Amino acid sequence: MTDTLQSEIHDILQVAMREAIAAGELSIPEVPKIPFSPTKTPEHGDFATPVALGLAKQAKMPPRKIAETIVAHVDVAGHPHIRRIDIAGPGFINIHLSDAWLYETLRTIVTEGDTYGTCDKGAGARIQVEFVSANPTGPLNIVSGRAAAVGDTLVNLLNAVGYDAIREFYVNDAGGQVARLGESIDVRYRQALGEPGLEIPEGGYAGEYLRAFAQDIVDAEGDKYLQLDATERVSLFRDRGIAHILAQQEASLERFGVQFDVWTSEKAIRASGKPMAILQLFRDKQYLYEAEGATWFRMSDFGDDKDCVVIRRDGEYTYFVPDAAYHRDKFDRGFNKVIDFFGPDHQGHVSRLYNFVKALGLPDDWLEIAIIQQVNLVDDEGKLLDMSKRRGKFYTLDVLIDELAAAIGERFAVDVARYFFLMRANNTHLDFNLALAITEANENPVFYIQYAFARCWSIFQKSAEHGITPRPVDTVSLVLLTEPMEHELIRKLSEFPALVLFSAEAREVHRIAHYLHELAGLFHPYYNQHRVLDAEHQERTQARLVLTQAVQTVLRNGLALLGISALEKRM
RNA sequence: GCGCCUAUAGCUCAAUCGGAUAGAGCAACGGAUUUCUAAUCCGUAGGUUGCAGGUUCGAUUCCUGCUAGGCGUGCCA
């Protein structure tokens with residue numbers, strides 16, 4: 001609705017500019033793009049465009065004059081949606097829409113229901129979003145939780161605007177880190193059997209979770225693995241450890257409301273032969289050279305400050321090779337676009353991966369990498385909570401949810417955690433205020449939004465009790481919605497589809513979170529100042545019920561995109 | 001050293017990819033409850049957008065140089 005209207009207005013202005021040019025009143029080589037922005041204040045109308053300001057130089061006319069010239073060619077009377085066009089400030093063209101447009105918007109929302117906010121702009125293009133992809137060496141940490149929330153929501157957004165997007169998790173189940181996992185489990189296993197003098201190896205995993213895992217093996221199967229030779233035992237423990245931790249991670253994600261469509265194994269990628277094929281390709285293109293017993297990639301030819309090793313002295317691939325192969329594999333699977341979310345510890349990997357993708361000859365804009373920045377847990381005074389009291393112990397996603405759940409229950413714990421992870425731009429550091437998260441009052445944005453939804457629901461509940469049946473929208477006199485607050489609410493509702501599209505395209509999920517908070521911030525005052533149900537004004541009641549339903553619909557749709565529940569009442 | 005990110009109200013953050021008077025929430029202060037759920041609302045106060053330049057009709061936004069903080073910078077992933 002908004003979208004079609006915007007393009008309608010765009011066309012109207014474009015035509016007006018062409019006519020002005022044809023009439024010789026405006027001398028510019030071509031009609032430029034016409035940018036629109038929803039206005040900040042109603043005095044500036046509903047939409048505004050600064051297009052005249054940008055033309056001042058080429059047209060050699062003062063911007064106000066240009067705006068006047070353009071507007072003079074618009075047939076306002078011929079467009080029922082437009083009530084008035086003003087020129088204001090230095091030359092802004094402010095478009096005031098007719099009230100009929102507002103009422104039409106309401107009808108659209110109520111009619112479209114769950115699909116309001118969606119569109120088909122993506123035209124079915126296939127997008128793969130890879131996120132979390134934590135090493136299978138331990139429980140998911142807080143940043144992984146943030147990545148999970150952001151990635152999951154972005155996929156929701158992309159699918160809402162017509163893309164065919166999937167969630168993918170890359171399992172680093174090969175290489176040095178999982179080898180270290182096997183060694184660490186081995187140490188814990190032998191310790192559990194009483195062997196003295198053992199220590200977790202350098203670069204190993206000292207967390208308690210492996211102690212428990214090893215104890216389980218001992219309890220179930222005793223010391224039988226001591227008979228295997230060390231290499232065999234470590235490799236067996238590695239594989240069992242991976243399976244165990246992976247299952248744990250999957251369970252944590254599921255608890256957090258995130259389900260991946262595809263899990264890709266690095267081991268499988270290695271076995272596919274693609275790494276070798278890629279190395280051959282690089283060799284053919286003269287990107288490789290031998291030095292110091294290792295094989296190097298000429299990263300410096302791609303603008304990096306140094307080359308990097310792709311085959312180590314011991315003959316093993318460095319992680320670049322399977323990673324490049326994995327991205328080749330993504331491309332071969334036919335994705336039109338791939339979006340990778342990396343944690344803050346992978347920043348160094350970003351430019352290199354771009355370069356490898358370029359070296360593979362894949363399209364420039366095919367891969368998009370974004371960093372999910374770190375999360376700090378803070379108390380009410382903004383003081384940093386110590387997240388790693390001692391080596392090997394860290395604040396996991398599950399521990400966070402456990403703590404929240406103890407205060408506000410499991411369901412809200414997930415809602416609150418998701419919202420807090422989603423409320424900030426993903427490339428900025430995020431302070432997660434634990435005290436605020438468990439506050440069950442308006443300071444907590446999640447409750448504030450959910451309460452707005454609950455109030456809508458409650459109004460319908462009450463109306464049913466009073467025997468008031470909402471009538472079909474077509475039969476309701478929406479013109480009775482005359483309060484400024486009502487118009488403001490509807491205007492806000494009308495922005496939703498464009499916002500969803502923008503958030504998806506810009507990969508900025510936090511905008512939805514803010515929007516919902518703002519919408520709730522308009523509804524609560526309205527609720528307090530104006531009664532929806534009013535026996536004295538039955539027609540107006542019907543109109544306000546439509547408005548209430550529209551608010552509820554947008555809140556529900558928005559929360560659904562964020563993976564946050566919309567409930568009738570508090571548990 | 002080099003690279004990436006960040007710097008906006010006392011605190012946490014917005015600002016629709018250069019637009020109009022920079023907005024919310026929290027904290028502070030003062031009010032509202034026989035009412036459709038007070039998990040709410042109304043009001044007051046709070047700013048040289050880190051600093052210095054530059055680009056132009058116009059800069060929180062883009063460029064350069066500083067300053068401060070975070071992260072990265074391995075033949076680990």
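Because the structure is a prediction, the values reported are computed rather than measured. Any value given below was found using the heavy atoms of this structure, including those in side chains, with hydrogens, waters and symmetry copies removed. Numbers restart at 1 for each chain; the letters A, B, ... are given by sequence-line order, proteins then strands.
- Outside the 6.0 Å centre-distance limit, the rings of A:Phe297 and A:Phe320 are not counted as a close aromatic pair.
- Distances shown here put every side-chain N or O of A:Arg544 at or beyond 4.0 Å from the OP1 or OP2 atom of B:rC36.
- Scanning atom types as modelled, no donor and acceptor separated by under 3.5 angstrom connect the side chain of A:Gln373 and the base of B:rC5.
- Checking the phosphate oxygens (OP1, OP2) of B:rU6, a side-chain nitrogen or oxygen of A:Asn427 falls inside 4.0 Å.
- One atom, CG of A:Leu547, and another, C1' of B:rC36, lie 14 Å apart when rounded to the nearest Å.
- Remark: aromatic rings of A:His44 and A:Phe92 are distant, center separation not under 6.0 Å.
- Residue A:Val234 comes nearest to A:Glu183 through the heavy atom pair CG1-N, 3.7 Å, listed as atom of the first residue, atom of the second, then distance.
- As judged by a 4.0 angstrom heavy-atom cut-off over every strand, A:Asn94 is placed among the base-contacting residues.
- Electrostatic pairing of A:Glu266 and A:Arg270 counts as a salt bridge here, judged by a charged N lying under 4.0 Å from a carboxylate O.
- Residue contacts shown for A:His510 are limited to sugar-phosphate atoms, with no base heavy atom under 4.0 Å away.
- Residue-level contact check: A:Ala56 touches neither bases nor backbone, having no heavy atom under 4.0 Å from any strand.
- A:Leu567 places its CG atom 16 Å from the P atom of B:rA39, with the value rounded to the nearest Å.
- Side-chain N/O atoms of A:Asp345 and base N/O atoms of B:rA77 include no donor-acceptor pair closer than 3.5 Å.
- Using the Watson-Crick or G-U wobble rule with both distances under 3.5 Å, B:rU21 pairs with nothing in any strand shown.
- Backbone-only contact: A:Ala425 has heavy atoms under 4.0 Å from sugar-phosphate atoms and none from a base.
- In this model, the phosphate group of B:rC26 is not approached by any side-chain N or O of A:Tyr448 to a distance below 4.0 Å at OP1 or OP2.
- Residue-level contact check: A:Phe502 touches the backbone only, with heavy atoms under 4.0 Å from sugar-phosphate atoms and none from bases.
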